[in-house]
Amino acid sequence: PGVPGIGEKTATKLIQEHGSIEAVLDAAPTFKQAKLRQNLIEFRDQAMLSKRLVTIDQAAPVALDWHTLTISHPNWDALDRLFGELEFRGFRRRLQERRDLVAANPNTPPHTAGRAAKSTDPLVATTTQAMLAQPGMDSPDLGFDFGPYTETKTIAEVEHTYTTVHTAAELAELIGQLYGIKLLSFDTETDSLDPLTAGLVGLSVSTQPHTAAYVPVPLPDGTDEAAILDAFRPILTDPALTLCGQNLKFDLEVLGVRGIEPVGPLFDTMVADYTLRPEGVHNMDALANDHLKYKPIPIIDLIGKGKAQISMRDVPLEQIAEYAAEDADVALQLHDALKAELDQIDRLKLLCERVEFPLVPVLTRMEMHGIAVDTSILGDISATLESQLVEIERETYEAAGETFSINSPKQLSVILFEKLKLPTRKKTATGYSTDQQVLEDLSSRHPLPRLVLQYRQLSKLKSTYVDALPTLINPRTGRVHTSFNQTVAATGRLSSSAPNLQNIPVRTEQGREIRRAFVAGEPGWTLLAADYSQIELRILAHVSKDAELVRIFNTPGEDIHTSTASRLFNVAPEDVDREQRRAAKTINFAVLYGISPFGLAARLGIVQSEAKALIEAYFKQFPEVGRYFGRVLDEARQQGYVETLLGRRRYIGDLHARNAASRSFAERTAQNMPIQGTNADMIKLAMIAIDRRLREEKFSARMLLQVHDELLFEVPEAEVERVRTLVIEEMRDALPLDVPIVIEVGTAPNWLDAH
């Protein structure tokens with residue numbers, strides 16, 4: 001800030017007259033201009049601080065020898081992942097070209113001249129030559145040649161043969177060409193993004209790169225949807241045909257609504273890329289850019305956007321035909337590229353063929369089944385929540401001493417930090433933070449923060465679930481149909497959206513009550529919930545081979561949390577109290593996530609030194625667990641990724657980061673992923689096996705939901721015992737461990753009581 005009232009011109013004049021800031025300040029009492037004199041005297045310290053802040057510190061502790069910084073080839077895999085994450089598609093493509101060059105010519109030096117050396121800019125060229133002249137400075141490159149930027153190709157720049165079917169005779173000719181083929185790329189065009197209600201606009205197929213055919217629905221000659229689908233039915237339901245496509249679950253649901261269910265192998269390009277690069281971007285535009293150096297036709301070129309957006313059904317035939325045919329063609333080319341990658345990594349190839357691809361039709365059926373919701377129960381819950389919100393609102397105003405908008409962070413901040421003088425925690429761009437963590441920290445100092453937390457929690461519960469669920473009921477089925485996302489979580493876990501039924505808060509009574517509204521949808525049916533018990537701890541026992549941990553799980557009747565508490569608190573198992581068992585349970589699961597003493601202290605409400613002692617005691621009691629985590633981290637640092645038991649990979653950056661927080665987070669991620677990912681693989685295998693048996697053995701029962709370690713089914717009363725046995729068998733045998741796998745099963749008319 002300098003000194004108020006003194007701008008650049010005055011400052012320059014004073015420095016020129018007196019030689020330095022210090023000399024100006026020393027002479028200030030003699031200045032005749034009163035305001036200038038007063039400000040220089042009053043703001044002397046501020047002036048000196050400003051000088052110090054803008055002065056370059058030349059004593060920085062740089063502990064390296066510049067001449068040791070030799071150029072080498074980059075860490076190809078790490079750089080490829082980084083460019084993928086940041087969507088630097090041009091850099092990523094040129095990186096691969098450079099990598100291929102080095103692979104073909106191992107003696108290629110890492111310092112081949114790059115863009116700077118080729119520059120026509122005299123200054124750049126001169127600088128480059130000067131650098132090349134320095135000892136040990138063969139080139140100013142970063143290790144590979146970015147080269148001149150080249151755009152990806154578009155449909156106008158690639159030779160292709162796309163045909164459009166206009167008549168029933170042309171359709172019959174196309175179908176005749178498809179009989180007996182082993183691989184078909186398939187795509188649907190619809191007038192909506194909801195596959196259960198969308199109208200079918202057309203189908204596209206491809207059997208060879210750069211060729212495809214589009215079949216509009218109906219055909220221009222009047223051939224209707226039913227006739228077109230009947231023609232395709234024997235092709236799509238051929239068990240010897242591998243169907244490939246991008247996000248096939250959507251297309252399978254569009255077909256499923258119309259009574260067509262492909263039964264042969266699948267190859268989903270989105271799922272394949274996710275398996276290879278779980279933290280990448282997997283939409284078709286990104287994959288086409290990354291793998292084919294190709295830019296597909298943007299959908300907005302067809303339907304526009306915003307208020308001017310039109311339906312796909314209103315797009316001229318010539319435009320939609322080219323767009324749809326391109327989709328099938330690009331998907332086929334992506335199949336070839338991704339299959340070649342998977343063929344190089346046997347375990348990931350097997351993961352796709354055994355788990356990820358077979359799961360696609362299972363999720364399709366689950367989404368199509370949906371789940372019934374009792375709106376009258378939701379209405380009762382909504383009324384109860386509304387009255388609770390009114391009461392909390394009254395208490396909040398009473399605690400604040402005035403009324404204000406509880407949902408306004410700005411108004412709340414004024415009450416908390418200006419009126420009540422509570423200590424501030426975090427600064428944001430608009431003021432002091434009033435987020436959940438801040439309010440929890442302040443709750444011990446005043447009742448207002450806790451009341452605001454309660455209000456926010458109940459308000460979100462009411463708006464997000466209780467009031468929203470009835471509006472999401474499909475009018476045709478009378479059910480809520482969530483979407484299961486297979487390519488989002490890097491651990492391999494499924495997620496759920498529109499609505500997110502995996503995120504209903506069940507730790508509060510009000511949250512649990514929402515599950516009561518999910519019911520069996522037919523008379524004489526019930527819900528069956530099956531849950532893996534302590535599965536991640538059992539996986540930990542298996543992978544760590546800790547003798548004591550394995551013994552506990554193999555001893556009938558012995559409880560892992562009680563046994564852990566007995567060891568940590570040095571008491572007999574029968575003397576472990578409720579609080580000690582709760583603490584031991586927290587520690588057991590916290591260890592899986594590499595929790596710090598600080599984090600454990602916060603969870604248990606104890607001082608950090610006690611938490612540190614408990615963690616140390618845990619690893620003394622189960623020493624192989626600590627050694628296992630050490631091995632995982634060592635391997636992750638060496639190879640850049642961690643793996644599940646089935647070979648699912650997650651690439652871990654920042655394990656060598658200088659920033660302690662970034663490095664610590666990476667270590668926790670590396671430590672937990674093999675266990676959490678194995679859990680995800682296990683329940684996916686169970687889902688595939690259960691779905692297969694339910695269909696093969698002609699059960700009426702349906703699998704409805706997967707929520708973390710739990711599967712939810714809708715079952716006729718007459719099938720309950722047989723389905724219970726089937727579910728337990730397949731969940732238990734999905735991935736055998738060195739310790740027993742325990743499945744807890746419950747049945748009831750609603751989800752809450754079944755669980």
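Every value quoted in this text rests on a predicted model; they were computed, and no experiment measured them. Hydrogens, waters and symmetry mates are skipped; everything else that's a heavy atom, side chains included, is used.
One distance of note links CG of Leu241 with CG of Leu184; it measures 5.5 Å at 0.5 Å rounding. Met703 CE to Ile690 CD1: the interatomic distance, rounded to the nearest 0.5 Å, is 6.0 Å. Rounding to the nearest 0.5 Å places CZ of Arg732 at 9.0 Å from CD of Glu730. Put simply, CD1 on Ile683 and CD1 on Ile535 are 9.0 Å apart, with the number rounded to the nearest 0.5 Å. Here the CG atom belonging to Asp709 is positioned 10.0 Å from the CE atom belonging to Met682, to the nearest 0.5 angstrom. Separating the CG atom in Asp681 from the CZ atom in Arg493 is a distance of 11.5 Å, to the nearest 0.5 Å.
Here the closest heavy-atom approach between residue Pro209 and residue Gln333 is recorded as CB-CG, 4.0 Å. Considering every non-hydrogen atom in both Thr207 and Leu332, the closest pair reads C-CD2, 3.5 Å. Between Leu633 and Ala670, the shortest heavy-atom contact is CD2-CB, 3.9 Å. Minimum interatomic distance between Val217 and Arg313 (heavy atoms only, all atoms of both residues): O-NH1, 3.4 Å. Taking both residues in full, the closest heavy atoms of Lys249 and Thr364 are given as CG-OG1, 3.5 Å, listed atom of the first, atom of the second, then distance. Heavy-atom minimum distance, Met687 versus Leu494: CE-CD1, 4.1 Å.
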Margin query: side chain to side chain contact (heavy atoms under 4.5 Å, CB included), that's the test. Do Leu171 and Phe232 meet it? Break it down for me.
Written below: CA-CA 9 Å; Leu171 176 62; Phe232 270 98; 4.0 Å; yes
Next item on the list: Verify side chain to side chain contact (heavy atoms under 4.5 Å, CB included) between Leu317 and His166, making sure each step is shown before the conclusion.
Entry: CA-CA 10 Å; Leu317 177 58; His166 294 86; 4.2 Å; yes
Next item on the list: I would like to know whether Glu667 and Leu655 meet side chain to side chain contact (heavy atoms under 4.5 Å, CB included); could you show each step before the answer?
Entry: CA-CA 6 Å; Glu667 289 171 351; Leu655 283 171; 3.9 Å; yes
Margin query: Applying side chain to side chain contact (heavy atoms under 4.5 Å, CB included) to Leu501 and Ile371, what does each step give before you reach the verdict?
Written below: CA-CA 10 Å; Leu501 298 183; Ile371 185 168; 4.3 Å; yes
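You'll find the side chain of Gln706 reaches within 4.5 Å of the side chain of Gln502, heavy atoms only. The shortest side-chain heavy-atom distance between His210 and Asp329 falls under the 4.5 Å cut-off. Two residues are said to be in side-chain contact when any heavy atoms from C-beta on lie closer than 4.5 Å; Met312 and Leu302 meet this criterion. In this structure, Thr269 and Cys244 have side chains that are not in contact, with every pair of non-hydrogen atoms separated by 4.5 Å or more. When side chains are defined from C-beta on, Arg648 counts as touching Lys684, because their heavy atoms get closer than 4.5 Å. Between Phe484 and Val362, the closest side-chain pair of non-hydrogen atoms is not below 4.5 Å. At a threshold of 4.5 Å between non-hydrogen side-chain atoms, the residues Leu737 and Leu645 count as touching. Leu646 has its side chain out of reach of Thr678: every pair of non-hydrogen atoms, C-beta onward, lies at least 4.5 Å apart.
The closest donor-acceptor contact from the side chain of Asp251 to the backbone of Asp187 lies at 3.5 Å or more, if one exists at all. The backbone N or O of Ser185 lies less than 3.5 Å from no partner atom in the side chain of Ser206, so there is not a single donor-acceptor pair. Without hydrogens or angle criteria, Asn485 side chain to Val488 main chain gives no donor-acceptor distance under 3.5 Å. Checked by atom type and distance alone, the side chain of Gln246 pairs as donor or acceptor with a backbone atom of Met270 at under 3.5 Å. Judged by distance alone, the side chain of Thr482 and the main-chain N or O of Pro499 form a donor-acceptor pair under 3.5 Å. Looking only at distances, no side-chain donor or acceptor of Asn679 sits under 3.5 Å from a matching main-chain atom of Glu536. Put simply, the side chain of Asn283 gets close to the backbone of Ala286: a donor and an acceptor are under 3.5 Å apart. When atom types are taken as modelled, the side chain of Arg663 and the backbone of Ala657 share a donor-acceptor pair closer than 3.5 angstrom. Remark: the backbone N or O of Val315 is not paired with any side-chain donor or acceptor of Gln319 at under 3.5 angstrom. Here the side chain of Gln486 pairs a donor or acceptor atom with the backbone of Glu356 at under 3.5 angstrom.
The number of heavy atoms from other shown groups lying within 6.0 Å of CD (Glu157) is above 12. Heavy-atom neighbours of Tyr641 OH from other residues, nucleotides or ligands within 6.0 Å: above the threshold of 12. Within 6.0 Å of CG on Leu86 lie more than 12 heavy atoms contributed by other residues, nucleotides or ligands.
Arg81 and Tyr651 share no donor-acceptor pair across their side chains, judged by distance under 3.5 Å alone. Counting only N and O atoms by type, the side chains of Gln638 and Asp634 include no donor and acceptor under 3.5 Å apart. Using modelled atom types, one finds no donor on one side chain facing an acceptor on the other under 3.5 Å when comparing Thr197 with Asn474.
Electrostatic pairing of Glu326 and Lys295 does not count as a salt bridge here, judged by no charged N lying under 4.0 Å from a carboxylate O. Between Asp230 and Arg233, at least one side-chain N (NZ, or NE/NH1/NH2) sits under 4.0 Å from a carboxylate O, which counts as a salt bridge.
Using a 30° and 60° split on the angle between ring planes, His282 and Tyr274 fall in the perpendicular class, above 60°. Taking the six-membered ring for Trp and thresholds of 30 and 60 degrees, Phe83 and Phe88 have ring planes inclined between 30 and 60 degrees apart.
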